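Heads up: the structure comes next, in structure tokens.
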Amino acid sequence: MLEKTCYQSPIGCLEITGSELGIISVHKVDRAPCPAGEAPESLRECVRQLEEYFRGERRKFDLTFDWGAAPEFHKAVWKELLQIPYGRTTTYQAIAEKLGDANAVRAVGQANSRNPIAIIVPCHRCIAKSGDLQGYFYGLDTKRQLLELENPMSFARQGSLF
């Protein structure tokens, strides 16, 4: 059985969906106000860990995922994303190389764009080889906000530290 809840985060309302196998999705949804209410027991740990993350207290999530029938390549990319340390970034190219095909950069980008578990599976930590922030389904401002939360000295906007 699927269960859902919403969590009001600093980047907006996040809808969390889970099954008996684990978290299926964490998606930003356009709802104002974000629906309040107690989360189902199966999703409370996810909400708690997201709250800790946004308070700067959690650097690594400890949750089980239900990726269902997602293509194996996508799952492999998402597993690589989970290896990117908090506050750090890697490139689409580096992930393609780790997966054994340096030419699969676009396929890695496509897998990132289909990541169903935003923030927890940190596709926001993947950037272009040039160092540019590229592609994030919630926009580059949100990507920068998440990276700035994790590493304010490296990703802060000019003038924001003064």
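In this text the structure is predicted, and so the values were computed from the model without any measurement.
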Side-chain touch Y53/S9, heavy atoms, less than 4.5 angstrom: no
Heavy-atom side-chain contact between I120 and F65 under 4.5 Å: yes
same_hphob_cluster([X], [Y]) at 4.5 Å side-chain heavy-atom cutoff:
X	Y	answer
L133	I84	no
I24	F61	no
V26	L43	yes
I127	L149	no
I23	L14	yes

State, to 0.1 Å, how close [X] and [Y] come at their nearest heavy-atom pair, and which atoms those are.
X	Y	answer
I16	C46	CG2-SG, 3.8 Å
F137	S113	CD2-O, 3.5 Å
N115	I117	OD1-N, 2.9 Å
L81	P122	O-CG, 3.2 Å
E97	A102	CG-CB, 3.8 Å
Q134	A128	OE1-CB, 3.2 Å

V121 and L82: CA distance, side-chain angles, deciding distance, side-chain contact (heavy atoms from CB on, under 4.5 Å) verdict: CA-CA 6 Å; V121 177; L82 289 167; 4.0 Å; yes
Measuring from [X]:[atom1] to [Y]:[atom2], what's the distance to the nearest 0.5 Å?
X	Y	atom1	atom2	value
D141	E148	CG	CD	11.0 Å
H124	T89	NE2	OG1	10.0 Å
L50	R55	CG	CZ	11.0 Å

Selection residues 102-131 - residue pairs positive for salt bridge (charged side-chain N to carboxylate O under 4.0 Å, His left out), sequence neighbours left out: R125-E150
I'd like to check the side-chain contact (heavy atoms from CB on, under 4.5 Å) partners of [X]; sequence neighbours left out, ordered by chain and number.
X	result
E45	R48, Q49, L63
A104	F73, A96, D101, A107
A76	L99

Selection residues 75-116 - residue pairs positive for ring-ring contact (aromatic ring centres under 6.0 Å, His included), sequence neighbours left out: W67-W78, H74-W78
Pairs touching residues 21-41 that satisfy ring-ring contact (aromatic ring centres under 6.0 Å, His included), sequence neighbours left out: none
Among all residues two or more places apart in sequence or in another chain, which pass the side-chain hydrogen bond (donor to acceptor under 3.5 Å, both in side chains) test with [X]?
X	answer
D132	S130
E3	S42
R59	none
E15	R31

Residue pair I11, I119: steps toward the side-chain contact (heavy atoms from CB on, under 4.5 Å) verdict: CA-CA 10 Å; I11 65 164; I119 301 158; 3.6 Å; yes
G22 backbone acceptor or donor facing D66 side chain under 3.5 Å: no
K4 (side chain) donor-acceptor with A39 (main chain) under 3.5 angstrom: no
Residue K28 excluded, over 12 heavy atoms near NZ under 6.0 Å: yes
Residue list, disulfide bond (SG atoms under 2.5 Å apart) with C13, at least two apart or on another chain: C34
Linked hydrophobic residues, M1 as query - side chain contacts closer than 4.5 Å: none
Side-chain ion pair, R58 and E51, N-O less than 4.0 Å: no
CA sep, side-chain torsions, deciding dist, call: C126, I95, side-chain contact (heavy atoms from CB on, under 4.5 Å): CA-CA 9 Å; C126 203; I95 290 176; 3.8 Å; yes
